[in-house]
Number of protein chains: 2
Amino acid sequence: MATIVATHERAAAAERILRAAIALFRVRGYHGSSMRTLARGLRMEAASLYYHFGSKQEILFAILDRTLDDLLHGVGRAVAAVEGPEARLRAAVRFHVLFHAHSQHEAFLSHSELRSLTQGNLRLVLTRRDEYERVFRSLLTSGVRAGVFQVSDVRLTAMAILTMCTGVATWFSDRGRLAPESIADRYVEMILRSVKRCPKGSPS
Amino acid sequence: MATIVATHERAAAAERILRAAIALFRVRGYHGSSMRTLARGLRMEAASLYYHFGSKQEILFAILDRTLDDLLHGVGRAVAAVEGPEARLRAAVRFHVLFHAHSQHEAFLSHSELRSLTQGNLRLVLTRRDEYERVFRSLLTSGVRAGVFQVSDVRLTAMAILTMCTGVATWFSDRGRLAPESIADRYVEMILRSVKRCPKGSPS
DNA sequence: ATACCTACCTAACGTTCGTTAGTAACCCGA
DNA sequence: TCGGGTTACTAACGAACGTTAGGTAGGTAT
């Protein structure tokens with residue numbers, strides 16, 4: 001029991017550090033943040049952080065690794081909950097936007113601090129990011145095959161959709177005009193308008 | 001004449017420094033790049049950089065300031081060259097995408113290194129960026145008023161369009177599958193599909 | 001020939017960086 | 001009450017940071 005409690009508290013301390021690091025890295029960037037500044041925000045000494053993490057780099061990787069986990073599991077659950085390419089794309093886009101609003105800071109870091117990862121850690125993260133992007137590409141492809149989408153270039157369209165939604169993390173504000181749900185709804189509409197096959201023969 | 005030559009060479013040296021800084025900051029980030037590393041790439045000593053720029057911060061600001069200049073003038077010229085809300089939005093989007101492919105690195109920095117600016121410099125840059133965004137908002141508004149666009153939220157749509165196109169700077173590659181022109185064409189089509197008013201009453 | 005300016009250099013400044021070693025306070029089971 | 005593990009601390013390491021002072025080689029103007 002003692003070890004379980006200890007483990008819990010240890011995990012909780014690590015969690016506190018990660019949360020503080022997310023907030024700090026988001027504002028000042030990884031290289032612009034020092035271990036001493038991070039520690040100060042936690043009312044600790046910098047050296048104490050090394051009890052929980054082996055290095056500064058390990059902290060960054062832990063943040064990005066977990067964020068990629070959440071993205072992959074989240075989009076998997078969202079897509080599995082409905083049927084058909086259109087409903088699934090709606091669900092995937094909706095999840096992606098909501099995640100980038102709710103988990104704004106870590107989502108932002110997962111894109112902006114890739115360059116601060118060591119080579120090995122970058123490879124690990126990019127592999128999972130590719131996997132995530134593949135979900136969207138395959139949804140588009142299914143829709144095109146089923147005749148409900150009309151897309152001239154699946155790869156490009158997937159990138160366009162993802163970067164558009166990812167951008168939410170850069171400008172979203174809790175105290176802003178629009179709630180995450182509203183933003184997600186409108187993004188879903190915009191995106192579906194641009195990929196849906198038009199019944200009449202107007203496009204391009 | 002001597003002074004003119006001197007001035008030219010001085011400006012050329014400053015230009016070389018800016019170009020090297022753009023490449024370096026892009027890869028390592030502002031705080032991840034040192035004056036010594038920057039100098040090494042130029043076969044200089046770090047101290048010599050201070051003959052051309054007052055500080056590291058001044059180099060970053062010079063990059064972002066000029067990029068904002070290019071964006072504002074470029075979109076102004078693009079929009080002025082054609083008539084009507086739809087043609088103008090096409091032109092603006094086209095310019096924005098092409099700029100973020102051709103001037104990829106500095107365009108990337110103008111978004112990713114805002115947080116590395118001092119407060120005063122940030123204010124200057126943000127003022128101009130707001131001005132740039134306003135161009136797109138007013139194009140959308142004109143189109144809605146003219147009845148050619150159908151947009152539920154102009155502000156949100158403008159942000160969506162801009163972040164989508166800005167994203168090009170993060171993934172574009174010279175040696176990639178698609179030329180900037182092709183990317184611009186497809187982006188223009190996607191965006192216009194999602195803002196154009198549908199003749200029939202299907203949307204939402 | 002002299003004086004000056006330009007564009008760089010070497011050397012060093014004080015500070016901060018990530019990280020390690022060694023230690024002290026605390027809590028728990030025995 | 002004792003001993004061991006947990007979690008933090010203080011102190012310090014060498015390296016790297018942005019920046020400044022002062023000097024020097026070479027071209028130009030007088």
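By convention in this document, chain letters (A, B, ...) are assigned in the order of the sequence lines, proteins followed by strands, and residues within each chain are numbered from 1. In what follows, every heavy atom counts, from backbone to side chain, and hydrogens, waters and symmetry copies are set aside.
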- Picking from dT19(C), dC9(D), dG18(D), which would you name as closest to the side chain of Lys56(A)? dT19(C)
- Salt bridge Arg10(B)-Glu15(B), side-chain N to carboxylate O under 4.0 Å: no
- Task: Give a yes/no on whether any side-chain N or O of His31(B) is located under 4.0 angstrom from OP1 or OP2 of dG18(D).
- Result: no
- So which one's nearest nucleotide on DNA chain D is more toward 5', Arg36(B) or Ala47(A)? Ala47(A)
- Message: Can you measure Leu38(A) atom CG to dA8(D) atom C1' for me and round it to whole angstrom units?
- Response: 15 Å
- Rounded to whole Å, the CE-P distance (Met35(B) to dA11(C)) equals 20 Å
- Message: Between P on dT6(C) and CE on Met44(B), what's the gap in Å once rounded to a whole number?
- Response: 15 Å
- Query: To the nearest angstrom, how far is Leu49(A) atom CG from dG18(C) atom P?
  - Reply: 10 Å
- Task: Check every strand shown and say whether Ser48(B) touches a base, only sugar-phosphate, or nothing at a heavy-atom separation below 4.0 Å.
- Result: base
- Task: Only counting residues at least two apart or in another chain, list the ones meeting salt bridge (charged side-chain N to carboxylate O under 4.0 Å, His left out) with Glu181(B).
- Result: Arg94(B)
- Task: Could you please name the option among dT10(C), dG18(C), dT10(D) that lies closest to any side-chain atom of Glu45(B)?
- Result: dT10(C)
- Message: Under 4.0 Å, counting only non-hydrogen atoms across every strand here, what does Ser33(B) touch: a base, just sugar-phosphate, or nothing?
- Response: sugar-phosphate
- Message: Less than 4.0 angstrom from a charged side-chain N to a carboxylate O is my criterion; do Arg36(A) and Glu45(A) meet it?
- Response: no
- Task: Examine dC8(C): is either OP1 or OP2 under 4.0 Å from a nitrogen or oxygen in the side chain of Tyr51(B)? Give yes or no.
- Result: no
- Task: Round to the nearest Å and state the distance from Arg16(A) atom CZ to dA8(D) atom C1'.
- Result: 12 Å
- Starting from the C-alpha separation in whole Å, work towards a yes-or-no answer on side chain to side chain contact (heavy atoms under 4.5 Å, CB included) for Thr170(B) and Gln104(B). CA-CA 8 Å; Thr170(B) 68; Gln104(B) 180 181 20; over 6 Å; no
- Query: Where the side chain of His96(A) meets the backbone of Ala92(A), is there a donor-acceptor pair that is under 3.5 Å apart?
  - Reply: no
- Item | Between dC8(C) (C1') and Arg43(B) (CZ): distance, integer Å | 16 Å
- Query: To the nearest Å, how far apart are Tyr50(B) OH and dC8(C) P?
  - Reply: 16 Å
- Starting from the 5' end of DNA chain C, give me the residue, Tyr30(A) or His52(B), whose nearest nucleotide shows up first. His52(B)
- Note on the structure: Arg10(B) CZ to dT6(C) C1', in whole Å, measures 8 Å
